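Quick notes on the structure that follows.
Predicted model, so just to flag it, every value in this text is computed and none were measured. Per chain, numbering begins at 1; letters A, B, ... match sequence-line order.
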Amino acid sequence: MKVRSVVFNNRRKDFTIRLGASSYRYPYVRLERPPAPGDHVVSAHVDPEIGREGFSYVLASGAEGTVHGEQVLDYNKDPRYRREVLLYELTIEAQQRLSAIPLSRREIARRMGTSAAQVCRLFDQTNTRKSVDEMLRLLGVLECEVQFSVRAKSA
Amino acid sequence: MPKIRRGGRFVLKWDLERDSVMKGSASRRVRKLIVELQAEGLL
């Protein structure tokens, strides 16, 4: 996702980033090199060197840094980004499980009632166009138990 | 999870913890470069 604009606020100590159609905040404390007391951000710009998918900033001390849009999405717990990460992690688990049990992809396809090509698509970690439902069904066939936990945020 | 670009165009996204491609595809040359960078401690 491309960063459309970035604005810094030294009083609030954060950046406001427009990513696609949404606006997000990113606090200075999350920076790789946060400004020390007395230091502050003097400029911030969308960085073309990373395909405009992030921004770079310069501190009064001369230190520079870059923040990728995904760091902003991760901090803000963006649901689309989290879905992508979840799919990736479920796929890696499925790949590891497949190598540990004696089941062929053809047999998995038969048990899922789908094609072998579709099963290959599900095992491809670079494919983000599959659904969580499909991955849960695959993990069920691989005799895995998937648990989600919801808990209150720690202060 | 670094992203690799060529001329501003996205090539791939690499998972450093699991040493696997997250998005895109890694050619042999790109994989070799990643291994070299890891050996130099730059990744």
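In the hydrophobic cluster analysis, where Ile, Leu, Val, Met, Phe, Trp and Tyr join through side-chain heavy atoms closer than 4.5 angstrom, A:Phe8 is grouped together with A:Val46. Grouping the Ile, Leu, Val, Met, Phe, Trp and Tyr side chains by contacts below 4.5 angstrom, directly or via other members, places A:Val29 apart from A:Val41. In the hydrophobic clustering of ILVMFWY residues, with side-chain heavy atoms under 4.5 Å counting as a link, A:Val6 and A:Tyr81 come out together. Cluster membership for A:Leu87 and A:Ile92, using ILVMFWY side-chain heavy atoms within less than 4.5 angstrom, is not shared. Hydrophobic clustering (side-chain heavy atoms under 4.5 Å, transitive across Ile, Leu, Val, Met, Phe, Trp, Tyr) keeps B:Val30 apart from B:Val35.
At a heavy-atom cut-off of under 4.5 Å, chain B is reached by no residue from residues 93-121 of chain A. Residues of residues 124-141 of chain A placed with any heavy atom under 4.5 Å of a heavy atom in chain B are listed by number as A:Gln125, A:Thr126, A:Thr128.
To the nearest 0.5 Å, atoms OH (A:Tyr88) and NZ (B:Lys13) are separated by 9.0 Å.
Within 6.0 Å of atom CZ in A:Arg82, 12 or fewer heavy atoms from other residues, nucleotides or ligands are found, so the atom counts as exposed in its surroundings.
Within the 4.5 angstrom heavy-atom criterion, atoms from both the backbone and the side chain of B:Ser20 approach chain A. Neither the backbone nor the side chain of A:Gln71 comes within less than 4.5 Å of any heavy atom in chain B.
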